[in-house]
Amino acid sequence: MRFKGWCALCVLLTCMLPMLFAPARAESVAFTHGDVAMHSAPSPDAQVIARIAGGSQMTVLDASGDWWHVSFGPLTGYMEAASLDVPGGVSPVPTAGPAAASTADAASTPSSPYRFAPDEAVLVHQVGYSESLVDYQAHLATSIFYPVTGVPAMDEAIVRWAKDTHAVHLASLEDLSNAHPEADAESELTVHYNAYLTDRYVGVLEAGWYRSPFLAREEDVLRTFNADLSTGQLLTYGDIFRRDRLDDVCALLASRLAQISALEGDMPEVDVGWLQNLVLTDTGVAIALARGEYLPAYLGAQLVVLPYAEIADLMQIPVPQARPQTPQPAKTDAPQTGPRTIDPTRPMVALTFDDGPSEYTSEILDLLTQYGGAATFCVVGNRISSYPDQIRAIAAQGSEIATHTWSHQKLTSLGAESMERQIVRPIEAVHEIVDVPVRFIRPPYGSVDSNVRAVARKLGMPIVLWSIDTEDWRTMNADKTARAILKNVKNGSIVLMHDVHQPTLQAMRTVIPELAARGYQMVTLSELYSVREGGAQPGVVYSHLDPSKIVTSR
């Protein structure tokens with residue numbers, strides 16, 4: 001999309017100190033149906049403590065009545081009984097994600113045993129569900145992805161870091177742009193995450209880059225977070241390692257780095273400052289080093305894993321134990337509902353939603369079903385594993401999925417190979433969940449050039465923009481979003497929205513019934529261009545359907 005703002009957070013966390021959430025003894029275990037709100041009292045009107053992703057394991061403290069008292073990591077609250085299953089089982093864990101490749105597998109390259117390239121690595125999402133801060137200003141495109149873990153102190157710290165990181169880079173870039181108005185300052189800030197879960201701890205690694213024409217080379221962005229599930233407290237290296245053994249930890253790290261052949265024995269002295277960005281993984285303590293910060297820049301970012309078996313005597317916390325991962329539902333076939341009938345003589349509009357899926361996607365689908373409509377959901381690939389039920393629901397409802405790239409990168413800043421991977425990886429992730437075609441590309445920020453068109457032609461995919469930009473991310477106002485659509489809609493319009501914002505869901509409660517009342521067919525992009533003379537062609541950019549191109553008879 002062209003302009004974007006802060007992505008709405010899916011979690012409303014309490015500001016109470018984590019120590020107030022003392023975990024209780026488990027009576028039984030339950031699993032959530034889809035995304036479920038945890039309330040502070042047994043009432044739908046009570047304060048929402050957290051929104052827990054589907055398939056999460058909860059400890060049931062009291063199973064009487066329509067509302068059950070449950071705990072989730074260090075959180076306790078109430079959930080509707082109808083939203084929970086009780087098969088019996090083991091102790092509670094936070095929101096569990098799919099099993100993932102080990103850090104060692106994800107981080108290795110032939111030239112350096114610890115080279116970490118966040119864009120190419122297999123992302124590890126063992127805990128939490130994905131949220132994002134996406135913003136587009138005049139000179140800076142920002143996409144910061146992070147997990148919501150259900151641990152209040154950790155989630156608050158991660159969100160604060162994401163906002164601060166964005167603000168610092170934006171302010172710096174504005175100063176540089178003002179000092180050099182002649183410069184073409186199209187910069188990009190992109191951050192991914194790995195999230196790890198063990199028996200007692202959650203570890204999060206935020207890793208990405210900042211690219212700017214004002215810099216000789218891109219800069220790494222690295223930050224780690226660790227939390228103790230039993231207390232909800234954040235942990236630093238001083239909490240994790242014995243203070244009288246920190247020199248031994250540094251020596252072990254130095255010995256690992258000495259294996260990098262490019263150093264040729266010229267190893268800098270390692271001190272405790274190198275341990276600032278460490279993360280508790282399922283296999284060991286991983287230490288992240290930004291390029292050029294401690295080691296020569298040509299080595300790139302490094303992620304060095306010290307296995308727990310080798311450092312147990314150096315640790316002052318209990319050694320983490322790996323948890324078995326929750327089995328994922330089997331892949332499903334595309335629903336056999338048959339094609340919907342589109343009347344080319346009646347007006348039609350394509351509602352499109354970027355940046356999801358999210359907790360709001362399902363209710364939008366329910367509204368579309370109620371009024372006989374469908375839409376296109378342009379999904380970001382690294383969110384898909386957090387919302388598999390929403391991906392299935394989109395397919396089952398008859399709506400369509402388009403690719404909005406893997407990590408919301410500006411395609412015009414990438415080479416052809418990287419661009420193709422950004423486009424294709426979400427399609428592969430969708431196909432791991434459900435067999436449905438993904439036909440269209442929605443480029444982040446609306447950035448398209450001849451290279452993007454060439455890759456789209458190679459992939460056999462049209463590129464779709466929009467004719468109505470609701471700017472729902474900017475206004476965060478349901479009434480303004482609804483007015484932007486209802487005032488400007490016409491036959492063949494393509495409407496840009498974002499299903500990660502609650503005000504957009506609220507706007508749909510007005511827009512969808514009103515469009516139906518006006519006689520509009522709410523259609524997918526494939527349905528819209530199925531009635532266009534010649535259809536939609538690969539590599540061509542479309543922003544609306546010209547009614548004069550509609551074939552009204554076959």
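Numbering starts at 1 and runs along the sequence shown.
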Only counting residues at least two apart or in another chain, list the ones meeting side-chain contact (heavy atoms from CB on, under 4.5 Å) with A429.
-> I384, W406

Does the pair [X]/[Y] count as a salt bridge with the N-to-O cut at 4.0 Å?
X	Y	result
E363	R509	yes
R425	E420	no
E156	R160	yes
K549	D546	no

Between [X] and [Y]: side-chain donor-acceptor atoms closer than 3.5 Å:
X	Y	result
S130	Y193	yes
D354	H498	no
N382	S407	no
H408	S143	yes
D389	Y387	no
T190	Q409	no
D499	S358	no

Can you tell me how far apart [atom1] ([X]) and [atom2] ([Y]) are? Round to the nearest 0.5 Å.
X	Y	atom1	atom2	result
N451	R453	CG	CZ	9.0 Å
M419	D449	CE	CG	6.0 Å
L140	L189	CG	CG	6.0 Å
T552	I550	OG1	CD1	8.5 Å
E80	W67	CD	CH2	4.0 Å
C378	L525	SG	CG	6.5 Å

Are W161 and H166 close enough that their ring centers fall under 6.0 Å?
-> no

Assess the pair F377 and H404: is the distance between their ring centroids shorter than 6.0 Å?
-> no

Could you tell me whether the side chain of [X] and the main chain of [Y] form a donor-acceptor pair under 3.5 Å?
X	Y	value
D220	W209	no
E400	S526	yes
E527	R340	no
Y542	Q537	yes
Q370	P513	no
T369	L365	yes
Q390	S362	no
S212	S187	no

CA sep, side-chain torsions, deciding dist, call: I364, F353, side chain to side chain contact (heavy atoms under 4.5 Å, CB included) | CA-CA 10 Å; I364 293 172; F353 299 90; 3.8 Å; yes

Show me the donor-acceptor pairs, under 3.5 Å and distance only, between side chains in residues 342-352 and residues at least two apart or in other chains.
unit_1, atom_1, unit_2, atom_2, d
D343, OD1, T345, N, 3.0
D343, OD1, T345, OG1, 2.6
D343, OD2, T345, OG1, 3.2
R346, NH2, G519, O, 3.3
T352, OG1, R442, NH1, 3.3
T352, OG1, R442, NH2, 3.1
T352, OG1, V495, O, 2.5

How far apart are the C-alpha atoms of W466 and H544, what are their side-chain angles, what is the distance that settles it, and do they pass the ring-ring contact (aromatic ring centres under 6.0 Å, His included) test?
-> CA-CA 6 Å; W466 53 85; H544 70 290; over 10 Å; no

So, do [X] and [Y] sit near enough that their side-chain heavy atoms are less than 4.5 Å apart?
X	Y	result
L414	T412	no
L545	V531	yes
R383	V500	yes
T224	V204	no
E514	Y371	no
P426	V380	no
S493	I468	yes
Y129	E359	no

[X] and [Y]: which non-hydrogen atoms are nearest, and at how many Å?
X	Y	answer
A536	F440	CB-CE2, 4.0 Å
S386	P388	C-CD, 3.3 Å
P44	H39	O-CE1, 3.4 Å
Q397	G373	NE2-O, 2.9 Å
I463	P443	CG2-CD, 3.7 Å
A162	Y146	CB-CD2, 4.4 Å

Using the ring of each side chain (for Trp, its six-membered ring), is H192 parallel, tilted or perpendicular to F145, with breaks at 30° and 60°?
-> parallel

L205 and L222: CA distance, side-chain angles, deciding distance, side chain to side chain contact (heavy atoms under 4.5 Å, CB included) verdict | CA-CA 7 Å; L205 166 66; L222 286 176; 4.2 Å; yes

Dump the intermediate steps for side chain to side chain contact (heavy atoms under 4.5 Å, CB included) on T405 and I441, then the final yes or no.
-> CA-CA 8 Å; T405 74; I441 300 167; 5.8 Å; no

For V489 and L515, run side chain to side chain contact (heavy atoms under 4.5 Å, CB included): C-alpha distance rounded to whole Å, both residues' side-chain angles, the deciding distance at 0.1 Å, then the answer.
-> CA-CA 9 Å; V489 67; L515 289 174; 4.1 Å; yes

Dump the intermediate steps for ring-ring contact (aromatic ring centres under 6.0 Å, His included) on H169 and Y210, then the final yes or no.
-> CA-CA 8 Å; H169 284 84; Y210 172 59; 4.5 Å; yes

